[in-house]
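As the structure lists them, so they are numbered: ligands from 1, and atoms in each ligand from 1.
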Amino acid sequence: MLPFASITIIGLGLIGSSIAHGVKASMPTARITGYDADPSVRARVQELGFCDDVADSAGAAVIDADLVLLCVPVGAMAAIAADMAEDLPEDAIISDVGSSKGNVIASLQAALPRARIIPAHPVAGTEHSGPDAGFATLFNDRWCILTPPDDAQEGDIERVRAFWEKLGANIEIMDAKHHDLVLAVTSHLPHLIAYTIVGTASDLEDVTRSEVIKYSAGGFRDFTRIAASDPTMWRDVFMSNKDAVLEMLQRFSEDLTALQRAIRWDKGDELFDLFTKTRAIRRRIIEEGQDDAAPDFGRSHE
Ligand SMILES: NC(=O)c1ccc[n+]([C@@H]2O[C@H](COP(=O)([O-])OP(=O)(O)OC[C@H]3O[C@@H](n4cnc5c(N)ncnc54)[C@H](O)[C@@H]3O)[C@@H](O)[C@H]2O)c1
Ligand SMILES: O=C(O)C(=O)C[C@]1(C(=O)O)C=C[C@@H](O)C=C1
């Protein structure tokens, strides 16, 4: 049975378009209405044809929905929720895909106090954005974390779970605060480090006369992929998950200082022990089938 028959997707970039493609592939009888604030995105989505309808306002997009998915940057969630408040059907479930959860839930609850809100975070993406970047298999065998508020109805959680399972995702249910702490270290901090290291290297570029680009075949190249991620999305993630990111950044700086000391004082054993531990972590990730580097990981969509 279809968990939802009439799905509205607000924000038709990488994640919104991937969901639409996934719905077309796995729930072909469900009707998809899309809306994006950017008229050029709406026009492109009409051309690409992955929505049945493209509405020209948020209110018009949600009027017949039984599931509304907010796929906009986390800093835009409050505004879009307010925009649709008057037109949201009483029995619709509203969900989102934001990379941070605590702040998003607070914004949605404030703008839509009576709505049935089941937040979600598919832990899958690429460095690309926009409606051309989406593909149906993005969520295959990837985690989708649901962070339902305390008063959420069990039946609503189960329907959102069934929806994501149909898109191929594995579901985990988590408290929003815990989610934000875990993702701060597994996703947000790595992005911050990538942005920093690529920024540092580019500051040196005059000195090295483009050697940064020329010799970027190894580790640096992996950082540049991450550092190519959408600036609006990531600005919003850091602003909205500020406390958890700052906490993880503090720990990271302390660990980096410890490494700096080990190098300064020729304590090679300390480096060796840490690198042995981190190699074991990588091997465990691969053994547990969570290795993203081996499969295509969306690179064929570059
Ligand atoms: N990119 C990833 O890897 C990834 C992974 C998981 C979750 N997310 C989350 O998904 C959400 C969308 O990210 P994305 O990568 O698809 O971004 P994207 O830039 O590809 O698409 C976002 C779309 O939202 C539209 N938009 C912005 N403000 C709007 C508003 N007020 N009303 C309507 N449309 C609006 C933009 O025009 C754009 O088309 C973000 O909250 C992000 O944190 C991203
Ligand atoms: O592979 C990438 O490009 C990603 O960064 C995807 C990634 C991640 O950090 O794993 C980025 C943000 C999300 O909220 C979820 C997934």
Q: Please work out whether any backbone atom (N, CA, C, O) or any side-chain heavy atom from C-beta onward of Ala124 is under 4.0 Å from ligand 1, and answer side chain, backbone, both or neither.
A: backbone
Q) For atom 27 (C) of ligand 1, which candidate among Pro73, Gly16, Gly11 holds the nearest heavy atom? A) Pro73
Q. Under 3.5 Å, is there a donor-acceptor pair linking the side chains of Asn103 and Asn241?
A. no
Q. Among the heavy atoms of His191, does any lie under 4.0 Å from an atom of ligand 2?
A. yes
Q) By number and element, which atoms of ligand 1 are closer than 4.0 Å to a non-hydrogen atom of Ala76? A) 28 (N), 31 (N)
Q. So is Pro122 close enough to ligand 1, meaning a heavy atom under 4.0 angstrom away?
A. yes
(Q) If the condition is ring pair (Phe, Tyr, Trp, His ring centres under 6.0 Å), which residues does Phe223 pass it with, not counting sequence neighbours? (A) none
Q.
Between His188 and Ser99 (side chain of the first, backbone of the second, donor and acceptor by atom type, cut-off under 3.5 Å), is there such a pair?
A. yes
Return all side-chain donor-acceptor pairs below 3.5 angstrom for residues 51-66, not counting sequence neighbours, or 'none' if the list is empty.
| unit_1 | atom_1 | unit_2 | atom_2 | d |
| --- | --- | --- | --- | --- |
| Asp52 | OD1 | Lys24 | NZ | 3.1 |
| Asp52 | OD2 | Lys24 | NZ | 3.2 |
| Asp52 | OD2 | Ile32 | N | 2.7 |
| Asp53 | OD2 | Arg31 | NH2 | 2.8 |
| Ser57 | OG | Ala60 | N | 3.1 |
| Asp66 | OD1 | Ala5 | N | 3.4 |
| Asp66 | OD1 | Ser6 | N | 3.0 |
| Asp66 | OD2 | Ala5 | N | 3.2 |

Q) How does Ser129 reach ligand 1, by side chain, by backbone, by both or by neither, if only non-hydrogen atoms under 4.0 Å count? A) both
Q) Is ligand 2 under 4.0 Å from a heavy atom in the side chain of Trp143, in the backbone, in both, or in neither? A) neither
Q) Quick one: which of Gly125, Ser100, Pro190, Ala124 has a heavy atom closest to atom 2 (C) of ligand 2? A) Gly125
**Q.** Under-4.0 Å heavy-atom contact with ligand 1, by part of Thr126 that carries it
**A.** backbone
Q.
Donor-acceptor pair, distance only, cut-off 3.5 Å: does the side chain of Lys101 make one with the backbone of Ala120?
A. yes
**Q.** Atoms in ligand 1 flagged as close to Gly98, the criterion being non-hydrogen separation under 4.0 Å
**A.** 41 (O)
(Q) Judged on heavy-atom distance to atom 41 (O) of ligand 1, which of Val45, Val72, Ile226 sits nearest? (A) Val72
Q: Just go through Asp36, Asp38, Leu12 and tell me whose heavy atom is the nearest to atom 36 (C) of ligand 1.
A: Asp36
